[in-house]
Each structure stands twice: as structure tokens, then as C-alpha cells.
Amino acid sequence: MLPKKLLCSPIAFFLAFFIAIIGISFVPAQVSEINAQKSKSDSLTGNAFCIQCHGNIYYGLKNPETGKIHRKMMSINGRIDPTVFKKSNHRSFQCTNCHSIEFKKFPHSEKALLEEIGSCIDCHSGDSIAEKYKFDLIDEDFQKSVHATKHSENFTCWMCHEAHSYKVNATTVEYDNSMCLSCHANANKYNLILNKSNPNIIEKHEWLPNQQAHLQNVRCIECHARVNDSILVAHNIQPKAKAVKLCVECHSTNSLLKQTLYKYQSRVQISRNGYFNAAILNKSYVIGANRNYYLNVASVVILLIVIGGIAIHIILRTTLKK
Amino acid sequence: MAQKIYYYPVWIRIWHATNALMFLLLIITGLSMQYGLFKIRFDYAVSIHNVSGIVLSVCYLYYFMANFITGNLKYYRIKFKGFFKRLWVQFVYYTVGIFKNQMPPFPLTIKRKFNPLQKFTYVSVMYIIVPLIIISGYAMLFPEIIYEKVLGIPGIVLTDLVHVCTGFIGSIFMIIHIYFCTIGSKPAANFKSLVNGYHQTE
């Protein structure tokens, strides 16, 4: 037996504290996580309640009969990255603004899981805040697209636009194309709509010269969507037979890209300095479309001087030389 | 006294003809791609331009090496002392003297194949402009090797600028070069020498 004096000493207190800390650390992580979730879930409100499972890779599911908590993996489609969501346009929303209130019950009911989620225009139609994006016209354009006509109601806005991460102005080529590739280069998601294998994008575009440069620098919709002057981004995706295949559609001064990829910049540039292709010239290189106005003028002037000089020389040679 | 000098051996004539043909194809397809002239299908224009460019670069390599091997390079050597004065004299001859039936200030001989103005333009074109066209052309053929940004400007735009400008200078040279070929003992004399290799002095 240790003397009472030693047990009451500060050394004993520190030792006990140290052993307790080590002990707590060795409690299995899974149990602590699930217990933490369980105890928290009762007190969590709003999005935090949903995010505690959907924001994680794993979630705990309690067996009501045995009381055992089963650790499950969250499906990739049900996973929401809270940091991305916090930066998205919809960050101020409650999950239940769009999803059924039924989801507040856990485990979720079948009714909740089969809910019909509204589309963009259910909120944005006639929305004065987002008026400049012209959601109604976008929807009209989309309804004409092969996505809408071929796949009917199975194809919603959410197939391309991920509502939890969507951020306006993030329209880089890579961001835009990733929407298309999320289905067209992903057999699992592609098969949600069509029961056949998805075509190989690289093989299908084998005919494109400088394939890598094209695929990296232009959006799929440049060739696969019909231009709509009323909206900034065309949503009328065309059947593959109607895709742009003529090089000069883009590789010319009147480049199609000005009406698509560089539409916004072109409008700004034209209104600012009247220089038609400045946007394309500044942003990227497109043979035939990247014409420099001043170089064009200089080259024509030089050419005229040379031809004029030669003409005068010929005249003088033939008239003066004997 | 007029005499015939064998200036253009077979290797030069083969090189010159191939070079001229490729240059012509490059100008036509280049204008077609950039300005939509001649109504050539864009993808055909690109392919012809690429192939002609590669042939031209092989041609250039052949010319560059053969010039060393055969000693033809000596005709391109510039003596800097008084060079600009000689250049001016030749320029005055072409713009004034030629109309007064004056004799060329630097008549061509066995040792002097080019007059100072020819020497200056040929050296500038063959040793500055054409290499720049070829280098920028290959860079455009393999755009992934180009720096993404140079001083904040996309590298590919700068490369294009170099290619288009040097291509334009080359085209202007070609127009003047062809016209000056008509200034010989007879207007067609220099064209004949491109076929038979003999130059007829005035």
C-alpha cells in the first residue's frame, strides 16, 4: 500500500491526470465518433443536423431491436462537402428549403427518399434577384435540348448543376466541361439515364486536330449546343449529328466562339473599344480568329507600298530605259 | 562583256525550286487560314500548311548544311567595312541609275554572285527570318511546348505574332525577289538560269 501522504501529493494528481488522458485516447475511435454523433444529433438544428451524416464519409445507423450502432459508408451521391456548400450560391438555404421535411426523421422514410425535387425555375422563375440570368429563357432553351426531349423528366437541372456546390461566375472551361463529363465520362451516372455504355469521349473526338488543345480550351457546348443570343450560356444541347464540325465556324473572324465562350468578354470589349476580336486575342489563341487590327492595317499598307513601288518601277523601266 | 557563269549547280536548283514551291503553298494556306482567302477548306489548309512547313524546314536544313559543304556560303559573307555605303550605292542604282541605262555598280562575276543589296536581303531572310518562321511554326505545331505566359501575355499569342510577322516579311521578300528576277539581261533571263543553272551577265 502506498502511503496516504504520497497519494495526496501533487505528483499523484498529475500521474492520475496523465493516465486518464492516455486511457481516453485509447477508446476505439469508431465508438467515440458514433456516440458523439448520437449525443449531438438531438441538439443539432438546421443544416448541421443533416451535415453530421451527409458531410461525412461514414454515418451511424442504430438497429432499433438490438440497439447496436452500425457504421455505414455514405453514398457518394448523398455526400455534401460542407466547405464547398458554404461557398456555393445556395449556402444560405436550409436543407429543408429544397428537401422534404420528412428528412428530419432518421432513418429517412421511403417517402422522403422518393421525393420530387424542384428544378431551378421552381424558385428562379420570375425571380427579380436572379433576373439577369434569365432562368425562364434558359428553361425554354433546355426544353428544346436533346437532354429534355430524349430523356424527358428523368433529366433535371441537377443532372448537370450540382445544387450544393453551384457557384455562378465559376464558368471556366474545366468547370463547365466537368458537368458534361460527370455523365459522359462516368458510366455509373450515365446509366442512371440510359441503359447502355457511354461512348468514349477521346475516341469520338479523334478527328479533332490538336485534340488536347481543343478539349482543354473550349467548352463542350461550343460545338454541341445551339447558340442563343438571349442567354449567356446555351442550354439547347443538340444531337451529335448536329454538332459543329466545320473548323471555320470558330476559326474565322466571325468566330462562333464570340457568341459562346467569349460572349460576355466580347460584349464588354466591343462596347469599350470597338475592337472586335480583342477578347479572343487576349484570352486564347484561335487560328483565323486572332487577328490584330493594327497589324492588319500595317500589313495592307506595306503590301500596297510594295506593289505600288513595283508598278512605278515597271513603268519607269519600260518608258525611260531604251 | 556578256558571259555565262554557272552559278546554280543542281543541288541549289533543287533546293530553290522546292523552297519556292513550299513557300508559295505556305503563303496561300496561311492566308486562307488567317483571312479565309482562296476558299480552301480549313482542315485541308491546316494539313497542307503543316506538311509544307515540315518540308520547308527539311529543305532549310539541307540548304544550311550544303552551303557549308560546297563552299556556297562564301557568297553570303558580308564585309562590314563600307557595307552600308555599298548598300546605298546599289539602292541608288535600282531607284535612279537603272532608268538611265547606267551599268550596275557591282556587276556579278565568278567571285561575286550577289550584289550588296541581294547579299543583305538574302542573309536577313535565310539566316534570321526563315529560322524564326520555322521555330515559331514548330512551336505552333506542338503548342504544348510553348510557355503559358510571357510577361503576362499568353505565349501562344506571342508565338503566333512572331510567325505571322515573319511570314509576312517572307511573303513581301518573295514578291520583291520575283520582281527583281525580271531585272536581268532580259526579263526572262534569270528565270531561265533557275532551270539551266547558267547566269547571263549584262
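First the proteins, then the strands, lettered A, B, ... as listed; each starts at 1.
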Part of A/Ile310 lying under 4.5 Å from any heavy atom of chain B: both
Donor-acceptor pair between B/Ser32 and B/Arg41 side chains, under 3.5 angstrom: no
Proximity breakdown for A/Ile314 and chain B, heavy-atom pairs closer than 4.5 Å: both
B/Lys113 side chain to B/Tyr7 backbone, donor-acceptor under 3.5 Å: yes
Segment of B/Leu161 engaging chain A (4.5 angstrom heavy-atom cut-off): side chain
Under 4.5 Å from any heavy atom of chain A - which part of B/Thr159: neither
For the student: nearest non-hydrogen atoms of B/Ile129 and B/Gly170, plus distance: CG2-N, 4.3 Å
Atom group of A/Ile307 that falls short of 4.5 Å from chain B, counting heavy atoms: neither
With A/Arg91 via side chain to side chain contact (heavy atoms under 4.5 Å, CB included) - residues at least two apart: A/Ser88
B/Tyr127 side chain to B/Asn67 side chain, donor-acceptor N/O pair below 3.5 angstrom: yes
